[in-house]
Amino acid sequence: MRKKIIMAVLSILLIALIIYNQGFAFNPLTAAERNQYVSADAKVISQAVIGNQYLFVFEKDEEYQAIIVQKHLVLWKSNNWSFHSKKSSDLIRLISYCGVSLDDHTGITAVFIQNFDDNVSFVKIGTGSDEQEKNVVPGEIIVFTLSKLIDFKDLNAIAYSNELSPLYKLDNKIKDGAI
């Protein structure tokens with residue numbers, strides 16, 4: 001009887017060790033932090049949820065990094081997708097764009113933008129039924145999320161003034177992106 005208990009405990013510990021080594025965690029943030037591309041000194045500056053996907057944006061050194069985490073039964077795991085973008089001194093910044101096809105029929109898109117231009121009042125992305133508009137507060141990060149994959153070139157992300165004048169068209173090279 002004692003031998004069976006010891007074998008059961010050892011089996012459970014072995015399974016737990018295998019699960020841990022595969023990057024699984026009990027919560028989404030821990031799973032993101034355990035991603036092989038996230039350094040120990042990186043800090044979370046923003047997050048978003050799309051369905052059963054969590055997206056975390058980390059800041060480290062001279063770049064931002066977005067990590068996507070998915071739920072697997074009761075545990076969470078980073079799927080090793082990692083999106084990097086360099087920091088800039090631009091007045092409006094594309095912190096991260098994450099566009100992922102999850103399978104043949106579904107995808108997700110998240111766009112993280114930070115504004116430092118007092119003339120910008122709101123940002124619009126998308127077209128038609130996918131269009132979204134969000135007011136901006138200088139210094140804060142705004143997040144646009146869509147439950148489908150939209151290619152970056154099709155986002156049509158534009159920052160507007162209070163007078164509804166377009167000020168910036170956001171792209172991968174925002175520097176001098178004034179319209």
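A cation-pi arrangement, defined by a distance under 6.0 Å to the six-membered ring centre and an angle within 45 degrees of its axis, is present between Lys87 and Tyr64. In this structure, Lys43 is not positioned above the aromatic face of Phe58 in the sense of NZ or CZ being under 6.0 Å from the six-membered ring centre and within 45° of the axis.
Going from atom CD1 of Ile50 over to atom CD1 of Ile68 covers 7.5 Å, rounded to the nearest 0.5 Å. Taking CG of Leu55 as the start and CD of Gln70 as the end, the distance is 10.0 Å to the nearest 0.5 Å. From Thr145, atom OG1 reaches atom CD1 of Ile125 across 8.5 Å, with rounding to the nearest 0.5 Å. To the nearest 0.5 Å, atoms CG (Asp117) and OG (Ser121) are separated by 11.0 Å. Between atom CH2 of residue Trp76 and atom OG1 of residue Thr30 there is a gap of 11.5 Å, rounded to the nearest 0.5 Å. Taking CG of Asn35 as the reference point, atom CD1 of Ile67 lies at 3.5 Å (rounded to 0.5 Å).
The closest donor-acceptor contact from the side chain of Lys134 to the backbone of Val143 lies under 3.5 Å. Judged purely by atom type and a 3.5 angstrom limit, Ser85 uses its side chain to pair as donor or acceptor with the backbone of Ile95. A donor-acceptor pair under 3.5 Å is formed between the side chain of Thr109 and the backbone N or O of Ile150. Of the possible polar contacts, none joining the Ser165 side chain to the Ser161 backbone as a donor-acceptor pair under 3.5 Å is found. No donor-acceptor distance shorter than 3.5 angstrom exists from the side chain of Arg93 to the backbone of Ile113, with no hydrogens or angles considered.
Arg34 and Phe24 make their closest contact through NH1-O, 2.9 Å (heavy atoms, listed as atom of the first residue, atom of the second, distance). Residues Ala31 and Ser78 come closest through the heavy atom pair O-CB, 3.6 Å. The minimum heavy-atom distance linking Val49 with Gly51 is given by the pair CG1-O, 3.6 Å. When every heavy atom of Val69 is checked against every heavy atom of Pro28, the shortest pair comes out as CG2-O, 3.7 Å.
Within the 4.5 Å cutoff, the side chain of Leu170 has no heavy atoms near those of the Ile158 side chain. At a threshold of 4.5 Å between non-hydrogen side-chain atoms, the residues Asp61 and Asp41 count as touching. In this structure, Leu91 and Asn115 have side chains that are not in contact, with every pair of non-hydrogen atoms separated by 4.5 Å or more.
In this structure, Lys148 places its NZ atom where only 12 or fewer heavy-atom neighbours from other residues, nucleotides or ligands lie under 6.0 Å away.
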Could you please spell out the steps behind the side chain to side chain contact (heavy atoms under 4.5 Å, CB included) verdict for Val136 and Phe122?
CA-CA 5 Å; Val136 297; Phe122 64 95; 5.7 Å; no

CA sep, side-chain torsions, deciding dist, call: Ser147, Ile108, side chain to side chain contact (heavy atoms under 4.5 Å, CB included):
CA-CA 5 Å; Ser147 295; Ile108 58 172; 5.5 Å; no

How far apart are the C-alpha atoms of Phe112 and Ser46, what are their side-chain angles, what is the distance that settles it, and do they pass the side chain to side chain contact (heavy atoms under 4.5 Å, CB included) test?
CA-CA 8 Å; Phe112 298 81; Ser46 188; 3.5 Å; yes

Would Ile142 and Val123 count as a side chain to side chain contact (heavy atoms under 4.5 Å, CB included) here? Give the steps.
CA-CA 9 Å; Ile142 58 171; Val123 175; 4.1 Å; yes

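Residue Ile45 is tested with Gln114, Lys60, Glu59 for a side chain to side chain contact (heavy atoms under 4.5 Å, CB included); the sole match is Glu59.
Under 3.5 Å, the side chains of Asn156 and Lys124 contain no donor-acceptor pair of N or O atoms. No side-chain donor from either of Tyr168 and Asp90 sits under 3.5 Å from a side-chain acceptor of the other.
Between Tyr54 and Phe56, the ring-plane angle classifies as parallel under the 30° and 60° cut-offs.
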